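Here the structure is a predicted model, which means the values were calculated and not measured. Because only heavy atoms are used, hydrogens play no part in the values below, and waters and symmetry mates are left out as well, while side chains stay in.
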Amino acid sequence: MTTSAMASEIGESADVVANIVRSRPATRDIARRIGIGAAPLCVVCGRGSSGHAGVFLRYLVETRLRLPVSASAPSVITAFRTPLMLRHALFIVISQSGRSPDLVAATRSARAAGARTIAIVNATASPVADEAEFVVPIEAGQEHSVAATKTVVGSMAAAAGLVAELADDHALRAALNRLPERLHRALAL
């Protein structure tokens, strides 16, 4: 029996999450340097499956950091050429490739407007990562399946790790620590 690329990549999800958990000191340093105390809101930017990971991030930010979250429409910057007023906002872009021109433009615009910008990206050597002030890597490796799998799981785990550090949330950290083993067990079913 042959295994599809999608099944194979789903199988890598637990290891991707384990690597994200191990990179906690770097994420903790980002959280310390951001100092979100003055942030009036958080803006999340992503498209497709990254946008769906952003919905998960929204719930984490609103419940753990108690900041209101808005989803950014990158076309406001690219098609309508209207920069947003984001001074002191926390702007988090999620991208697998880090190469979508609209996400690059939105991140550049947010940073120019005075937002604290964080890129959660699989490709750390990418234009989106270059435009952000801080980068939280997913490091899932190249994804070959049509439907994003390990990068979506990795995006959500990286988002949870970031929020755990920003909120100094011990329960969320502990849950993230348990996640790789739970994913391994789920894959074995």
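Nearest approach of Cys45 to Phe91, heavy atoms of both residues: CB-CZ, 3.6 Å. Residues Gly54 and Val44 come closest through the heavy atom pair CA-CG1, 3.7 Å. Of all non-hydrogen atoms in Ala129 and Ala123, the two that sit nearest each other are CB-O, 4.3 Å. The two residues Gln96 and Ala148 have their closest heavy-atom pair at NE2-CB, 3.5 Å. In this structure, Asn122 and Ala140 approach most closely via the heavy-atom pair OD1-N, 2.7 Å. Taking each heavy atom of Val128 and Ala119 in turn, the nearest pair found is CG1-CB, 4.0 Å.
Judged purely by atom type and a 3.5 angstrom limit, Arg111 has no side-chain atom pairing as donor or acceptor with the backbone of Thr117. No donor-acceptor pair closer than 3.5 Å links the side chain of Ser8 to the backbone N or O of Met6. The main-chain N or O of Val16 is never found under 3.5 Å from a side-chain atom of Glu139 such that the two would form a donor-acceptor pair. A donor-acceptor pair under 3.5 Å is absent between the side-chain atoms of Arg64 and the main chain of Ala167, judged by distance alone. Under a 3.5 Å cut-off, the side chain of Ser13 and the backbone N or O of Ile10 do form a donor-acceptor pair. No donor-acceptor pair under 3.5 Å is formed between the side chain of Ser109 and the backbone N or O of Ala105. For the pair Glu133 (side chain) and Ile118 (backbone), a donor-acceptor distance under 3.5 Å is absent. With Ser50 contributing its side chain and Gly46 its backbone, the two residues share no donor-acceptor pair below 3.5 Å. One N or O on the side chain of Lys150 and one on the backbone of Gln142 form a donor-acceptor pair closer than 3.5 Å.
Salt-bridge formation is detected for the pair Arg173/Asp168: a Lys NZ or Arg NE/NH1/NH2 atom is positioned less than 4.0 Å from an Asp or Glu carboxylate oxygen. Salt bridge annotation for Arg66-Glu62: absent, with no cationic side-chain nitrogen under 4.0 angstrom from a carboxylate oxygen.
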Evaluation steps, side chain to side chain contact (heavy atoms under 4.5 Å, CB included), between Ile77 and Asp102: CA-CA 8 Å; Ile77 303 300; Asp102 55 347; over 6 Å; no

Test side-chain hydrogen bond (donor to acceptor under 3.5 Å, both in side chains) applied to Thr149 and Glu143, step by step: CA-CA 8 Å; Thr149 54; Glu143 191 141 42; 2.5 Å; yes

Pair Asp169-Val163, side chain to side chain contact (heavy atoms under 4.5 Å, CB included): steps then yes or no: CA-CA 8 Å; Asp169 188 321; Val163 171; over 6 Å; no

Residues Val43, Leu41; criterion side chain to side chain contact (heavy atoms under 4.5 Å, CB included); working and verdict: CA-CA 7 Å; Val43 175; Leu41 79 150; 3.7 Å; yes

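With values rounded to the nearest 0.5 angstrom, Ile92 atom CD1 is found 12.5 Å from Ser72 atom OG. Here the CD1 atom belonging to Ile20 is positioned 7.5 Å from the OG atom belonging to Ser155, to the nearest 0.5 angstrom. Note that the CD atom of Glu12 and the OG1 atom of Thr151 stand 10.5 Å from one another [nearest 0.5 Å]. Here the CZ atom belonging to Arg33 is positioned 8.0 Å from the CZ atom belonging to Arg116, to the nearest 0.5 angstrom. A distance of 11.5 Å separates CG in Leu103 from CD in Glu131, rounded to the nearest 0.5 Å. With values rounded to the nearest 0.5 angstrom, Ile34 atom CD1 is found 11.5 Å from Glu165 atom CD.
Residues Ile120 and Ile36 share a hydrophobic cluster, clusters being chains of Ile/Leu/Val/Met/Phe/Trp/Tyr side chains in contact below 4.5 Å.
In the hydrophobic clustering (ILVMFWY side chains linked at under 4.5 Å, chained through shared members), Val21 is joined by Val17, Val153, Leu176, Leu179, Leu183.
Taking the side chain as every heavy atom from C-beta outward, Leu60 and Leu172 approach each other to under 4.5 Å.
Qualifying side-chain hydrogen bond (donor to acceptor under 3.5 Å, both in side chains) partners for Ser100, counting only residues two or more places apart in sequence or in other chains: Arg47.
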